[in-house]
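Just below is one structure, and these are the notes that go with it.
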Amino acid sequence: MIGRLNHVAIAVPDLDAASAQYRNTLGAKVGAPQDEPDHGVTVVFIELPNTKIELLYPLGDDSPIKGFLEKNPSGGIHHICYEVEDILAARDHLKAEGARVLGNGEPKIGAHGKPVLFLHPKDFNGCLVELEQV
Ligand SMILES: C[C@@H](C(=O)O)C(=O)SCCNC(=O)CCNC(=O)[C@H](O)C(C)(C)COP(=O)(O)OP(=O)(O)OC[C@H]1O[C@@H](n2cnc3c(N)ncnc32)[C@H](O)[C@@H]1OP(=O)(O)O
Ligand SMILES: [Co+2]
(Lines give C-alpha, C1' and ligand atoms only; values in the text may rest on other atoms or scores of the structure.)
(Ligands and ions follow the chains in the order given, each with its own letter.)
Protein backbone atom coordinates (compact mmCIF):
# COMPACT_ATOMS: atom_id res chain seq x y z
CA MET A 1 0.00 0.00 0.00
CA ILE A 2 2.70 2.57 0.88
CA GLY A 3 4.93 3.70 -1.94
CA ARG A 4 7.83 6.11 -2.15
CA LEU A 5 9.24 8.14 0.71
CA ASN A 6 7.94 11.64 0.01
CA HIS A 7 9.74 13.49 2.81
CA VAL A 8 11.36 13.34 6.21
CA ALA A 9 10.32 16.27 8.43
CA ILE A 10 12.60 17.88 11.00
CA ALA A 11 11.20 20.29 13.59
CA VAL A 12 13.67 23.13 14.09
CA PRO A 13 14.00 25.91 16.68
CA ASP A 14 15.29 28.47 14.13
CA LEU A 15 14.02 28.15 10.55
CA ASP A 16 16.40 30.72 9.04
CA ALA A 17 19.43 29.14 10.69
CA ALA A 18 18.41 25.62 9.64
CA SER A 19 17.72 26.76 6.05
CA ALA A 20 21.09 28.50 5.85
CA GLN A 21 22.83 25.42 7.24
CA TYR A 22 21.27 23.11 4.65
CA ARG A 23 22.00 25.62 1.86
CA ASN A 24 25.54 26.64 2.81
CA THR A 25 26.98 23.90 5.01
CA LEU A 26 25.33 20.88 3.41
CA GLY A 27 25.08 22.41 -0.07
CA ALA A 28 21.43 21.49 -0.64
CA LYS A 29 18.73 23.04 -2.82
CA VAL A 30 16.59 24.89 -0.24
CA GLY A 31 13.20 26.45 -1.03
CA ALA A 32 11.48 29.52 0.42
CA PRO A 33 9.51 29.42 3.70
CA GLN A 34 5.84 28.58 3.13
CA ASP A 35 3.16 29.28 5.75
CA GLU A 36 0.66 26.45 6.15
CA PRO A 37 -2.02 27.94 8.43
CA ASP A 38 -4.27 24.87 8.14
CA HIS A 39 -1.44 22.79 9.62
CA GLY A 40 -0.04 25.27 12.16
CA VAL A 41 3.45 25.21 10.68
CA THR A 42 5.80 27.12 8.42
CA VAL A 43 7.70 24.75 6.14
CA VAL A 44 10.87 24.89 4.07
CA PHE A 45 11.38 22.12 1.55
CA ILE A 46 14.82 20.85 0.65
CA GLU A 47 15.08 18.93 -2.60
CA LEU A 48 17.39 15.94 -2.59
CA PRO A 49 17.92 13.72 -5.64
CA ASN A 50 15.79 10.91 -4.21
CA THR A 51 13.46 12.56 -1.66
CA LYS A 52 12.73 15.78 0.23
CA ILE A 53 13.45 17.13 3.70
CA GLU A 54 10.75 19.29 5.29
CA LEU A 55 11.94 21.77 7.92
CA LEU A 56 9.08 22.61 10.29
CA TYR A 57 8.59 25.62 12.51
CA PRO A 58 5.46 26.38 14.60
CA LEU A 59 2.89 28.81 13.18
CA GLY A 60 0.18 30.20 15.49
CA ASP A 61 -0.60 29.46 19.14
CA ASP A 62 -1.93 25.89 18.81
CA SER A 63 0.70 24.42 16.50
CA PRO A 64 0.79 20.58 16.59
CA ILE A 65 4.59 20.74 16.82
CA LYS A 66 4.71 23.05 19.86
CA GLY A 67 4.84 20.21 22.40
CA PHE A 68 7.43 18.32 20.36
CA LEU A 69 9.78 21.34 20.30
CA GLU A 70 9.28 21.89 24.03
CA LYS A 71 10.39 18.30 24.61
CA ASN A 72 13.15 18.56 21.98
CA PRO A 73 14.37 22.17 22.23
CA SER A 74 17.23 21.67 19.81
CA GLY A 75 14.88 20.08 17.26
CA GLY A 76 14.45 16.53 16.00
CA ILE A 77 12.97 14.25 13.35
CA HIS A 78 9.23 14.84 13.60
CA HIS A 79 7.62 12.58 10.96
CA ILE A 80 8.11 10.62 7.79
CA CYS A 81 5.77 10.85 4.83
CA TYR A 82 4.94 7.91 2.59
CA GLU A 83 3.09 8.21 -0.69
CA VAL A 84 -0.15 6.31 -1.30
CA GLU A 85 -2.25 6.09 -4.44
CA ASP A 86 -5.66 6.17 -2.73
CA ILE A 87 -5.69 7.91 0.64
CA LEU A 88 -9.28 7.03 1.55
CA ALA A 89 -8.69 3.34 0.83
CA ALA A 90 -5.45 3.54 2.85
CA ARG A 91 -7.27 5.23 5.74
CA ASP A 92 -10.04 2.67 5.81
CA HIS A 93 -7.55 -0.21 5.71
CA LEU A 94 -5.47 1.34 8.52
CA LYS A 95 -8.54 1.91 10.70
CA ALA A 96 -9.64 -1.68 10.15
CA GLU A 97 -6.13 -2.75 11.25
CA GLY A 98 -6.59 -0.76 14.47
CA ALA A 99 -4.29 2.20 13.71
CA ARG A 100 -5.34 5.63 14.97
CA VAL A 101 -5.84 8.19 12.22
CA LEU A 102 -5.31 11.67 13.71
CA GLY A 103 -7.69 14.62 13.51
CA ASN A 104 -11.21 14.00 12.30
CA GLY A 105 -10.04 11.28 9.91
CA GLU A 106 -10.68 13.41 6.83
CA PRO A 107 -7.64 14.24 4.69
CA LYS A 108 -6.43 17.85 4.64
CA ILE A 109 -4.62 19.47 1.74
CA GLY A 110 -0.88 19.35 2.49
CA ALA A 111 2.06 21.50 1.49
CA HIS A 112 2.16 20.02 -2.03
CA GLY A 113 -1.53 20.67 -2.70
CA LYS A 114 -2.33 16.96 -2.24
CA PRO A 115 -4.47 15.23 0.44
CA VAL A 116 -2.61 14.14 3.59
CA LEU A 117 -3.40 12.22 6.80
CA PHE A 118 -1.37 11.50 9.94
CA LEU A 119 -1.15 8.27 11.97
CA HIS A 120 -0.50 8.20 15.71
CA PRO A 121 3.21 7.73 16.56
CA LYS A 122 2.39 5.30 19.38
CA ASP A 123 0.86 2.93 16.79
CA PHE A 124 3.97 3.03 14.56
CA ASN A 125 6.99 2.34 16.76
CA GLY A 126 7.19 5.89 18.09
CA CYS A 127 7.26 7.41 14.59
CA LEU A 128 4.59 9.86 13.44
CA VAL A 129 3.58 8.82 9.91
CA GLU A 130 2.11 11.12 7.26
CA LEU A 131 0.42 9.69 4.17
CA GLU A 132 0.21 11.78 1.02
CA GLN A 133 -1.89 10.85 -1.98
CA VAL A 134 0.11 11.31 -5.17
C1 LIG B 1 2.29 20.67 5.98
C2 LIG B 1 2.21 19.16 6.15
C3 LIG B 1 2.80 18.47 4.92
O4 LIG B 1 3.89 17.87 4.93
O5 LIG B 1 2.11 18.58 3.86
C6 LIG B 1 2.87 18.71 7.44
O7 LIG B 1 3.75 17.87 7.51
S8 LIG B 1 2.21 19.41 8.85
C9 LIG B 1 3.14 18.73 10.20
C10 LIG B 1 2.52 19.10 11.51
N11 LIG B 1 1.24 18.41 11.71
C12 LIG B 1 1.08 17.34 12.47
O13 LIG B 1 2.02 16.85 13.10
C14 LIG B 1 -0.31 16.77 12.56
C15 LIG B 1 -0.41 15.48 13.31
N16 LIG B 1 0.14 15.59 14.67
C17 LIG B 1 -0.62 15.57 15.79
O18 LIG B 1 -1.85 15.46 15.71
C19 LIG B 1 0.08 15.74 17.10
O20 LIG B 1 1.33 16.38 16.87
C21 LIG B 1 0.30 14.40 17.85
C22 LIG B 1 1.18 13.44 17.04
C23 LIG B 1 -1.02 13.75 18.19
C24 LIG B 1 1.07 14.74 19.12
O25 LIG B 1 0.36 15.73 19.78
P26 LIG B 1 0.90 16.34 21.15
O27 LIG B 1 2.33 16.68 21.03
O28 LIG B 1 -0.06 17.39 21.60
O29 LIG B 1 0.65 15.12 22.05
P30 LIG B 1 1.30 14.63 23.36
O31 LIG B 1 2.27 15.59 23.90
O32 LIG B 1 0.15 14.22 24.20
O33 LIG B 1 2.07 13.36 22.82
C34 LIG B 1 1.62 12.07 22.98
C35 LIG B 1 2.83 11.17 22.91
O36 LIG B 1 3.31 11.18 21.55
C37 LIG B 1 4.65 11.60 21.52
N38 LIG B 1 4.87 12.40 20.31
C39 LIG B 1 4.36 13.61 20.02
N40 LIG B 1 4.75 14.02 18.82
C41 LIG B 1 5.55 13.04 18.33
C42 LIG B 1 6.27 12.87 17.13
N43 LIG B 1 6.26 13.81 16.19
N44 LIG B 1 6.97 11.74 16.95
C45 LIG B 1 6.99 10.77 17.90
N46 LIG B 1 6.32 10.88 19.07
C47 LIG B 1 5.62 11.99 19.28
C48 LIG B 1 4.84 12.40 22.78
O49 LIG B 1 6.19 12.44 23.15
C50 LIG B 1 3.99 11.63 23.75
O51 LIG B 1 4.68 10.49 24.18
P52 LIG B 1 4.93 10.15 25.73
O53 LIG B 1 3.54 10.14 26.31
O54 LIG B 1 5.58 8.83 25.72
O55 LIG B 1 5.77 11.29 26.23
CO1 LIG C 1 4.97 16.63 6.29
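Start at 1 and go down the list; that is how both ligands and their atoms are numbered.
Listed by number with element, the atoms of ligand 1 under 4.0 Å from a non-hydrogen atom of G110 are 5 (O). Listed by number with element, the atoms of ligand 1 under 4.0 angstrom from any heavy atom of H79 are 7 (O), 9 (C). Of all atoms in ligand 1, listed by their number and element, those nearer than 4.0 Å to a heavy atom of H7 are 4 (O).
Here the side chains of I2 and V84 are in contact, with some heavy-atom distance below 4.5 Å. The side-chain heavy atoms of T51 and V8, taken from C-beta on, include no pair separated by under 4.5 Å. Counting heavy atoms from C-beta outward, L56 and H79 have side chains that approach closer than 4.5 Å. Inter-residue side-chain proximity for K122 and R100 is flagged as met; some heavy-atom pair is nearer than 4.5 Å. Two residues are said to be in side-chain contact when any heavy atoms from C-beta on lie closer than 4.5 Å; L88 and R91 meet this criterion.
The minimum heavy-atom distance between G98 and D123, with the atom names listed, is O-OD2, 4.2 Å. Across all their heavy atoms, L117 and G105 have their closest contact at CD2-O, 3.7 Å. Shortest non-hydrogen contact noted between I10 and Y22 is CD1-OH, 3.5 Å. Considering every non-hydrogen atom in both I87 and L131, the closest pair reads CD1-O, 3.5 Å. I65 and P58 make their closest contact through CD1-N, 3.5 Å (heavy atoms, listed as atom of the first residue, atom of the second, distance). Here the shortest heavy-atom pairing between K66 and D61 reads CD-O, 3.6 Å.
Distances from atom 49 (O) of ligand 1 to the protein include at least one heavy-atom value under 4.0 Å. Distance check for atom 24 (C) of ligand 1: every protein heavy atom is found at 4.0 Å or beyond. In this structure, atom 32 (O) of ligand 1 has its sub-4.0 angstrom surroundings free of protein heavy atoms. At a distance under 4.0 Å, a protein heavy atom can be found next to atom 55 (O) of ligand 1. For atom 18 (O) of ligand 1, the nearest protein heavy atom is under 4.0 Å away. Shown here, atom 5 (O) of ligand 1 is in close reach of the protein: a heavy atom of it lies under 4.0 Å off. By the definition of a contact as any protein heavy atom under 4.0 Å away, atom 28 (O) of ligand 1 is not in contact.
With hydrogens left out, the protein atom closest to atom 41 (C) of ligand 1 is F68 CD1, 3.9 Å, a heavy atom. Nearest protein heavy-atom neighbour of atom 45 (C) of ligand 1: G126 O, 3.1 Å. K71 NZ, 4.8 Å is the protein heavy atom nearest to atom 30 (P) of ligand 1. In terms of protein heavy atoms, atom 16 (N) of ligand 1 is closest to L102 CD1, 4.0 Å. Scanning the protein heavy atoms around atom 15 (C) of ligand 1, the nearest turns out to be F118 CG, 3.6 Å.
Taking distance alone, with nitrogen or oxygen atoms compared against 3.5 Å, I65 stays at or beyond that limit from ligand 1. In terms of polar-atom proximity, defined here as any N/O pair under 3.5 Å, P64 does make such a contact with ligand 1. For the pair H39 and ligand 1, the shortest N or O to N or O distance does not fall below 3.5 Å. Residue H120 has no N or O atom closer than 3.5 Å to an N or O atom of ligand 1.
Counting non-hydrogen atoms of neighbouring residues, nucleotides and ligands closer than 6.0 angstrom, the CD atom of E47 exceeds 12 such neighbours. More than 12 heavy atoms of other residues, nucleotides or ligands lie within 6.0 Å of NZ in K52, so this atom counts as buried by the packing criterion. For I77, the CD1 atom sits in a loose shell: 12 or fewer heavy atoms of surrounding residues, nucleotides or ligands are nearer than 6.0 Å.
The option from E70, H78, K122 that lies nearest to atom 51 (O) of ligand 1, judged by heavy atoms, is K122. When E132, E130, E36 are checked for heavy-atom proximity to atom 2 (C) of ligand 1, E130 turns out nearest. Comparing C127, P121, S63 by heavy-atom distance to atom 22 (C) of ligand 1, the nearest is P121.
Proximity of C81 to ligand 1 is not established, as no heavy-atom distance is less than 4.0 Å. Not close to ligand 1: K114, with no non-hydrogen atom less than 4.0 angstrom away.
The NE2 atom of H93 lies 12.5 Å from the CG atom of D86; values are rounded to the nearest 0.5 Å. Note that the CG atom of L5 and the CD1 atom of I80 stand 7.0 Å from one another [nearest 0.5 Å].
Panel detail: the Co ion (ligand 2) has protein N, O or S atoms under 2.8 Å away, 4 in number.
With no hydrogens or angles considered, a side-chain donor-acceptor pair links H7 and E130 at under 3.5 Å.
The proximity of H112 to ligand 1, defined as any non-hydrogen pair under 4.0 Å, does not occur for either the backbone or the side chain.
Paired with E132 under the rule side-chain hydrogen bond (donor to acceptor under 3.5 Å, both in side chains), one option of K114, R4, H112 passes, and it is H112.
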